[in-house]
Colleague: 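I have a structure I would like to understand better, so I am pasting it below and will then ask my questions one at a time.
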Amino acid sequence: MIETAVQSPNSMSQQVTDQGTHLPTVAPTEVPAFKVQNLSIWYGQKQAINDVTIDIPSKTITAIIGPSGCGKSTFLRCLNRMHELMPHTRVEGKVLFQGEDLYGAGVDPAAVRRRVGMVFQKSNPFPTMSIAENVTVGLKLNGLRKRSLLDERLEKSLRMAALWDEVKDDLKKPGMSLSGGQQQRLCIARAIAVEPEVVLMDEPASALDPIATMKIEELIGVLKSNYTIVIVTHNMQQASRVSDKTAFFYVGKLIEFNDTKTLFSQPKEKKTEDYITGRFG
Amino acid sequence: MNVVTRPSIPGETEQPSLATQMSRPSRFGDRAFEWLTLAMALAVIALVFLVGWQLARGSQLAIAKFGFHFLTTSTWDPVAEQYGALPFIYGTIVSSLIALIIAVPLSIATAVYLTELAPLWVRQPLVSLIEMLAAIPSVILGLWGIFVMIPWLKAHPFPLLKTLFGWTPFFEGPIYGISMLAGGIIIAIMILPIITSVSREILRSVPNLQREAAYALGATRWEVTRIAVLSYAKKGLAGAVILGLGRALGETMAVTMVIGNTPQIKASLFAPGYTLASVIANEFTEATTDLYLQALFEVGLVLFGITILANLIAQVLIKTMAGATTTRAVQ
């Protein structure tokens, strides 16, 4: 990912060049990062996502809201094929990522996940690794060995994750020695160290206190300039604070998708209005 | 104000109010529970000390007569009343090490396959099969060793080892079949199920969140296993190996049947050997003199000591190896 990628059309690394800067030819507002068409997902007999069609724009923050069990997490995970780790999953429909079918034959899920990173609800640094190792592990997995480059990426990622100043003298300490909020920012640093094009966030602040949550939200706003961000949250205030676009899911269906301001001020659907005004959920 | 009375159900007797029926939680019950569990725990510790003390008492004469030489001399001659246990100590340690070298990679690989890779429909049958291996009585495994394993070892793998590594002292000399190596292999078979099933439990206890963290970085299944699963579980896996080692050191019946029962110290693994457990099992009934019996008791004491020592050393090793990260993590 970090080395110069061969620029062949339709290759999974098409959009990334040296140092991961994005090609200027991609006009972020015009080409959506994800084009999801008639997507349905089943876990065994249970249908979790029901015929969802949505375009997620790139270099923006898209929030996904909805009551528990509405399939928002499942939807997020299908964007980097993480839901496949559960047994007996079945997918129908299409997910086009930068024009390529994510579920096409011969697409390696590991390659997808290198380009579409993820941050989880609970921070999960690797406990046997130091802070520095936690950030660089993804780069090492991708064959990057050059010390100077690793150090450079380490500092850059930690700075972007707004963690550098707090840990720069303790890089050798274990990742688990940090506080909960710091651990979550470490996980964000780990996710962005490999320079993905998209960062998926599954309720990244739901286990954190208000101050740590505020820091994460600030961070998300900063990351927007470089990454497409899709964030699942059950916190509507959070969605309205951080996101540009908001999608409302209810029992596996996409009910409404619009600019965040519009969706919260003038919802078109009755269900959306009921939910954002707290009538259910 | 009228109190609403419930219509009475036929056959129901007058009930006192619920509050009077509930007894307050008793402090006594809690105390008794604490003392009872403490007593149980102490009983286990006491049992260990009692066994050690009995063994030491039973071997008083031998200890007085041979002293430290018992551990450092190699002559085991009941007729001349000379007893030196070094060949048995050597045999026990070497055969157990061979067993670990064979069984540990096999068991951990099996456990990884079972928890990380195997399709669901394969897992349960395979687990049952491995547990069945543990259920085979030792003596039957020994018979199988004599009549099946040894002739096969003698025909194929041993000659191959000799041509490949005959230049080292470990694989030289005549091949009888019955040998230290055969003993080690049979122990390996016996400790495989325990190491596998404990390792499997350890790997299953690794949180899924750890695996997901690695998958989300674009790791392949092997990479996930390496960075998220094995490194997380290494302390527990070391524990599984220690459990296996404990079994290996004390394994008696099957080993006795294939190791050759010759009290000698030979570098070559093709040469017969003897273990502490085997000599007790073999010679206990023949021990007619007090000193002979006491010497066997002392062999038991040595085995007891080695097992405890091996556990202690292993625990210290784990602490220094994996403990560093956990203690720092607690801060």
Side-chain angles (χ1 to χ4, degrees), chain A residues 1 12-13 76-77 79-88 108-130 133-143 170 172-178 183 186-187 190-194 196 199-202, chain B residues 108 112-127 202-239 317-331:
Chain A
M1 290 294 292
M12 282 306 285
S13 48
L76 189 77
R77 281 161 176 259
L79 297 179
N80 68 345
R81 297 183 62 169
M82 283 293 281
H83 74 287
E84 284 172 18
L85 300 178
M86 306 264 285
H88 312 301
D108 176 12
V112 172
R113 293 177 199 132
R114 262 165 227 177
R115 295 175 63 194
V116 185
M118 189 158 190
V119 175
F120 299 85
Q121 185 171 4
K122 240 182 115 215
S123 60
N124 51 1
F126 296 117
T128 54
M129 294 183 191
S130 68
E133 286 165 338
N134 260 293
V135 178
T136 54
V137 61
L139 297 167
K140 287 180 185 161
L141 279 181
N142 289 299
D170 302 320
K172 294 239 159 23
K173 281 195 180 168
M176 300 294 278
S177 63
L178 299 173
Q183 282 187 28
L186 179 64
C187 291
R190 180 177 66 188
I192 61 181
V194 294
V199 180
L200 307 177
M201 298 187 170
D202 192 354
Chain B
I108 293 182
V112 166
Y113 177 71
L114 283 172
T115 49
E116 308 297 320
L117 304 171
L120 287 177
W121 61 271
V122 173
R123 294 186 189 193
Q124 205 43 55
L126 209 57
V127 169
I202 301 282
L203 296 182
R204 267 154 53 112
S205 72
V206 173
N208 248 332
L209 211 54
Q210 288 290 319
R211 294 185 181 91
E212 289 187 338
Y215 273 118
L217 292 169
T220 60
R221 287 215 279 193
W222 157 241
E223 288 162 344
V224 171
T225 305
R226 184 167 58 85
I227 66 173
V229 179
L230 289 179
S231 67
Y232 188 94
K234 65 184 175 193
K235 199 171 167 178
L237 291 177
L317 277 179
I318 295 177
K319 280 235 169 75
T320 48
M321 190 177 70
T325 43
T326 36
T327 44
R328 271 182 296 162
V330 173
Q331 287 172 358

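Side-chain atoms are counted along with the backbone in the values below, which use heavy atoms only and exclude waters and symmetry mates. Each chain gets a letter, A, B and so on, in the order its sequence line appears, and its residues count up from 1.
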Colleague: Taking the side chain as everything from C-beta on, heavy atoms only, tell me whether Q121(A) gets closer than 4.5 Å to L209(B).
Modeller: no

Colleague: Quick one: which of L120(B), N208(B), I227(B) has the most heavy-atom pairs under 4.5 Å with chain A, could you say?
Modeller: I227(B)

Colleague: Does any heavy atom of chain B fall under 4.5 Å from the side chain of L141(A), the backbone, both, or neither of them?
Modeller: both

Colleague: Just wondering, do F126(A) and S231(B) contact through their side chains at under 4.5 Å, heavy atoms?
Modeller: no

Colleague: For a quick test of reading the model, state the closest non-hydrogen atom pair linking A219(B) to A110(A) and the distance between them.
Modeller: O-CB, 4.1 Å

Colleague: May I ask you to name which of L85(A), V116(A), L178(A) has the most heavy-atom pairs under 4.5 Å with chain B?
Modeller: L85(A)

Colleague: Side chain, backbone, both or neither: which part of R81(A) has a heavy atom under 4.5 Å from chain B?
Modeller: neither

Colleague: Under 3.5 Å, side chain of E212(B) to main-chain N/O of F120(A), donor-acceptor pair present?
Modeller: no

Colleague: Tell me, for P125(A) versus chain B, whether the close heavy atoms (under 4.5 Å) come from the side chain, the backbone, both or neither.
Modeller: backbone

Colleague: Which atoms form the tightest heavy-atom contact between A216(B) and M118(A), and what is the distance?
Modeller: CB-CB, 3.8 Å

Colleague: Is any side-chain heavy atom of L217(B) less than 4.5 Å from a side-chain heavy atom of R113(A)?
Modeller: no

Colleague: Quick one: what part of R226(B) sits under 4.5 Å from any heavy atom of chain A, side chain, backbone, both or neither?
Modeller: side chain

Colleague: Between chain A and each of E223(B), Q210(B), R211(B), count heavy-atom pairs under 4.5 Å; write down the option with the most.
Modeller: Q210(B)

Colleague: For the atom pair OH (Y215(B)) and CD (E84(A)), what is the distance rounded to the nearest 0.5 Å?
Modeller: 10.5 Å

